[in-house]
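The structure under discussion appears below in the form of structure tokens.
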Amino acid sequence: MIDKIAASIDGALQDVPHGATVMIGGFGTAGIPNELIEGLIRQGARDLTIVNNNAGNGDHGLAALLKTGRVRKIICSFPRQVDSHVFDELYRSGKLELELVPQGNLAERIRAAGAGIGAFFCPTAFGTELAKGKETREIGGRQYVLEYPIHAELALIKAEAGDRWGNLVYRMSARNFGPVMATAAKKTVATVHHIAELGELDPEAIVTPGIYVDKIVKIERVATRAGGFRKAA
């Protein structure tokens, strides 16, 4: 019997190796799997490479993970915003390496990993510092930059609901990077607010098929730091 429901976050994350590349879903504070990030902090893996849309907000979530000093490198599109002081301090002091990737390129590099694509040409970043040292090619009269996929040992994502086979559906904009990250990692762990019975989820509405998911953990619905739900529901 296939049953991917984990009893706890700590149990689902117990085998994360040092030096792992970890993809973390979310866009700003929408869809950030904070409970899984907290579990990763407790687990203790170090020398990590983190792939995320940004580099953390305030002192919680991804910023809290960066603050532990166990992240060696971050690959993201928007490292700086008004409350990115944790990233700012680490980067300016040389304690954190940054690979800046345009957002569309980031999504496509992750998707390419999941699709088995070895590399692809993209016009974004041509003629800028971000293309420095990369192969370029003219195709159809336009200049392109060669980009490589981003693979990961682990993806941490937040979904709305899932069943014991690991099939997932998302809530509105919280969907963002979760689906492509699930395909690009060797192991995917997802939190859900509802565990559905088999057959309860409409097959046409399933965004991430269970084949891409290894563990799901049920969590309570709580308020986010930037708004959203105000109490448990």
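Quick note: numbers below take in every heavy atom, side chains included, and nothing from hydrogens, waters or symmetry partners.
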Could you list the donor-acceptor pairs under 3.5 angstrom formed between side-chain atoms of residues 205-215 and any protein atom two or more places apart in sequence or on another chain?
unit_1 : atom_1 : unit_2 : atom_2 : d
Thr208 : OG1    : Tyr170 : OH     : 2.6
Asp214 : OD2    : Thr188 : N      : 2.8

Scan the side chains in residues 195-202 for donor-acceptor partners under 3.5 Å anywhere in the protein, sequence neighbours excluded, and list what turns up.
unit_1 : atom_1 : unit_2 : atom_2 : d
Glu200 : OE1    : Glu197 : N      : 2.9
Glu200 : OE2    : His194 : NE2    : 2.9
Asp202 : OD1    : Glu204 : N      : 3.0

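In this structure, His18 contributes its side chain and Arg46 its backbone to a donor-acceptor pair below 3.5 Å. Without hydrogens or angle criteria, Asn176 side chain to Gly26 main chain gives a donor-acceptor distance under 3.5 Å. With Arg137 contributing its side chain and Tyr144 its backbone, the two residues share no donor-acceptor pair below 3.5 Å. Panel note: side chain Thr191, backbone Lys158; no donor-acceptor pair is recorded below 3.5 Å. Between the side chain of Gln81 and the backbone N or O of Gly56 there is at least one donor-acceptor pair closer than 3.5 Å. A donor-acceptor distance shorter than 3.5 angstrom exists from the side chain of Gln43 to the backbone of Ala45, with no hydrogens or angles considered. Without hydrogens or angle criteria, Ser84 side chain to Phe87 main chain gives no donor-acceptor distance under 3.5 Å. Side-chain N or O atoms of Glu153 include one that pairs as donor or acceptor with a backbone N or O of Thr21 at under 3.5 Å.
Smallest separation of non-hydrogen atoms from Ser8 and Gly11: OG-N, 3.0 Å. Closest heavy-atom contact between Ala155 and Met181: CB-O, 3.6 Å. Tyr91 and Leu98 make their closest contact through CE1-CB, 3.6 Å (heavy atoms, listed as atom of the first residue, atom of the second, distance).
When the shell of 6.0 Å around NZ of Lys186 is examined, it contains 12 or fewer heavy atoms from other residues, nucleotides or ligands. Residue Glu89 places its CD atom among 12 or fewer non-hydrogen atoms of other residues, nucleotides or ligands, all under 6.0 Å distant. The 12-atom threshold is exceeded at CD of Glu138, counting heavy atoms of other residues, nucleotides or ligands nearer than 6.0 Å.
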| request: Output, in order, the C-alpha distance, side-chain angles, deciding distance and verdict of side-chain contact (heavy atoms from CB on, under 4.5 Å) for Ile5 and Asp163. | output: CA-CA 8 Å; Ile5 301 170; Asp163 59 28; over 6 Å; no
| query | Under the side-chain contact (heavy atoms from CB on, under 4.5 Å) criterion, do Lys187 and Asp15 qualify, and how do the steps go? | reply | CA-CA 10 Å; Lys187 178 178 181 179; Asp15 58 351; 2.9 Å; yes
| Derivation of the side-chain contact (heavy atoms from CB on, under 4.5 Å) call for Phe120 and Glu108 | CA-CA 9 Å; Phe120 61 93; Glu108 186 64 8; 3.5 Å; yes
| After noting the C-alpha distance and the side-chain angles of Arg70 and Asp47, does the key distance pass the salt bridge (charged side-chain N to carboxylate O under 4.0 Å, His left out) rule? | CA-CA 5 Å; Arg70 300 207 302 266; Asp47 195 33; over 6 Å; no
| said: Could you walk me through whether Glu220 and His193 satisfy the side-chain contact (heavy atoms from CB on, under 4.5 Å) test, starting with their C-alpha distance in whole Å, then the side-chain angles of each, then the deciding distance to 0.1 Å, before giving a yes or no? | reply: CA-CA 6 Å; Glu220 297 299 318; His193 296 304; over 6 Å; no
| task | Just do the salt bridge (charged side-chain N to carboxylate O under 4.0 Å, His left out) check on Arg175 and Glu160 with the steps written out, would you? | result | CA-CA 9 Å; Arg175 172 173 170 173; Glu160 177 66 15; over 6 Å; no
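Distance check: Ile32 CD1 to Asn57 CG gives 7.0 Å after rounding to the nearest 0.5 Å.
In this structure, Val16 is a member of the same hydrophobic cluster as Leu156, with clusters built from ILVMFWY side-chain heavy atoms closer than 4.5 Å. Follow the hydrophobic side-chain contacts under 4.5 Å out from Val180 and you reach Ile75 in the same cluster. Connection of Phe121 to Leu130 is not established within any shared hydrophobic cluster, with ILVMFWY side chains joined at heavy-atom distances below 4.5 Å, either directly or through further cluster members. Each of Leu96 and Met23 belongs to its own hydrophobic cluster when Ile, Leu, Val, Met, Phe, Trp and Tyr are linked at side-chain heavy-atom distances under 4.5 angstrom. Linking ILVMFWY side-chain heavy atoms closer than 4.5 Å, directly or via other members, places Ile157 and Val217 in two distinct hydrophobic clusters.
Using a 4.5 Å cut-off between side-chain heavy atoms of Ile, Leu, Val, Met, Phe, Trp and Tyr, Phe126 falls into a hydrophobic cluster with Val145.
Using modelled atom types and a 3.5 Å distance limit, the side chains of Arg72 and Thr49 yield a donor-acceptor pair. Remark: the Gln103 side chain and the Asn53 side chain contain an N/O donor-acceptor pair separated by less than 3.5 Å.
Applying the side-chain contact (heavy atoms from CB on, under 4.5 Å) test between Ile219 and each of Ile9, Val192, Leu36, Asn34 identifies Ile9 as the sole match. Between Ile74 and the options Leu62, Leu65, Ile24, Val51, a side-chain contact (heavy atoms from CB on, under 4.5 Å) holds for only Leu62.
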